Amino acid sequence: MVKNFDCIILGGGPAGLSASLYAYRAGLKTAIIDISAIGGAPTNYCEIENYLGFNKIQGFELCEKFENHIDEFEIKKFPYEEIESIDLISPIKKIKTKNCEFSAKSVIIATGAKNKKLGVIGEIENIGKGVSYCAVCDGAFYKDKIVAVVGGGNSALEEALYLTKHAKKVYLIHRRDSFRADKIIQNKIYSNKKIELVLDSIVEEILADKKVDAIKIKNSKNNKRAQLKIDGIFPYIGLEPNIEFFGTQLKLDEAGFILTDVCMKTNLEGVFAIGDVRKTPLRQVITAVSDGAIAGIEASKYIINLENVTIRK
Ligand code: NAP
């Protein structure tokens, strides 16, 4: 049997949870579908220090607070639903998952983004054997070991700091000699004795014998090559959007992020995109929840303007 809603939100991270709250409160029969657990990427962040109102909070704890808040309302949650097909073009949107069929008058896409891969030999084949994209999940396996973090953004620097709680040494490898991460995080990196900076360097290969034991790096200024003995490597070199379900239905930027206007509207009627999956100048929890609020309200305005729609009293 098809499950019918006014508004379906794809993705239960901070953006999606916020959208559900605003859509529900505007009177829409609202559901969230997520391919995994509700909570989104920040459940795997160590500490969040820039969400207003919380000086320092674990990512998991903040997401739990978000979910507890929406659980006060009749917002339906469908976690662990893998999308098989989706039609966003028809006036009534249709979503088919492995277990269910859904229809909705409006869809808010909040599917987020995933870590980009380095694309070097030894990376994919050693995921789970020394290559990890989640320091919070796997950091404890590296107690008193040597790890490398790759990247120069907020993620790389924050996760490098987190890994010093477990590892005896953390190489922070970056392709340039300056970081793009916030200055406050950079200062913590410079004063941490467990972190050794490997600048102007790129990883060329990950070496493993059953599990990762070394990496080959090249200095991009003098072209000198070196080998570093490590037990694990954590690439944090940016994000790519989770858009594989949508085919060619949506307009994207050159990197694949969904294009929206300031009201979070995509090129398709009744379809909105929010959070990390959309083209945005800032990817933060606080901007994701702000996007969600706008989209929830805009979805309700869109539905009110449709004919023959009964909004929940
Ligand atoms: P990011 O800001 O895009 O940084 C990616 C880093 O990886 C850059 O330093 C980049 O180098 C480097 N890089 C890119 N491609 C590479 C390659 N092929 N090989 C080697 N290095 C490569 O990504 P992010 O750190 O994952 O952050 C994503 C977004 O989330 C950002 O908007 C960030 O601010 C946000 N975020 C915020 C927080 C927070 O505020 N607490 C925490 C985490 C993430 P270049 O600098 O040379 O381009």
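Just follow the structure's listing: the first ligand is 1, and inside any ligand the first atom is 1. The model shown is predicted, which means the values in this text are computed figures rather than measured ones.
For the pairing with D6, the salt bridge (Lys or Arg N to Asp or Glu O under 4.0 Å) check across K76, K93, K105 returns one residue only, K105.
Hydrophobic clustering, with ILVMFWY side chains joined whenever heavy atoms are under 4.5 angstrom apart, groups L199 together with L157.
Near ligand 1, residues N50, G151, G152, G153, N154, S155, E158, H174, R175, R176, R180, Y236, I237, G238, L239, R283, Q284 each place a heavy atom inside the 4.0 Å sphere around the ligand atoms.
Under the side chain to side chain donor-acceptor pair (under 3.5 Å) criterion, the residue pairs touching residues 132-152 are E123-Y133, S132-D138, with sequence neighbours excluded.
Side-chain atoms of N242 and K114 form a donor-acceptor pair, as typed in the model, at a separation below 3.5 Å.
Between F73 and Y24, the two ring planes are tilted [angle within 30° to 60°]. Between Y236 and F234, the ring planes lie parallel to each other; the angle is under 30°, not in the 30° to 60° tilted range.
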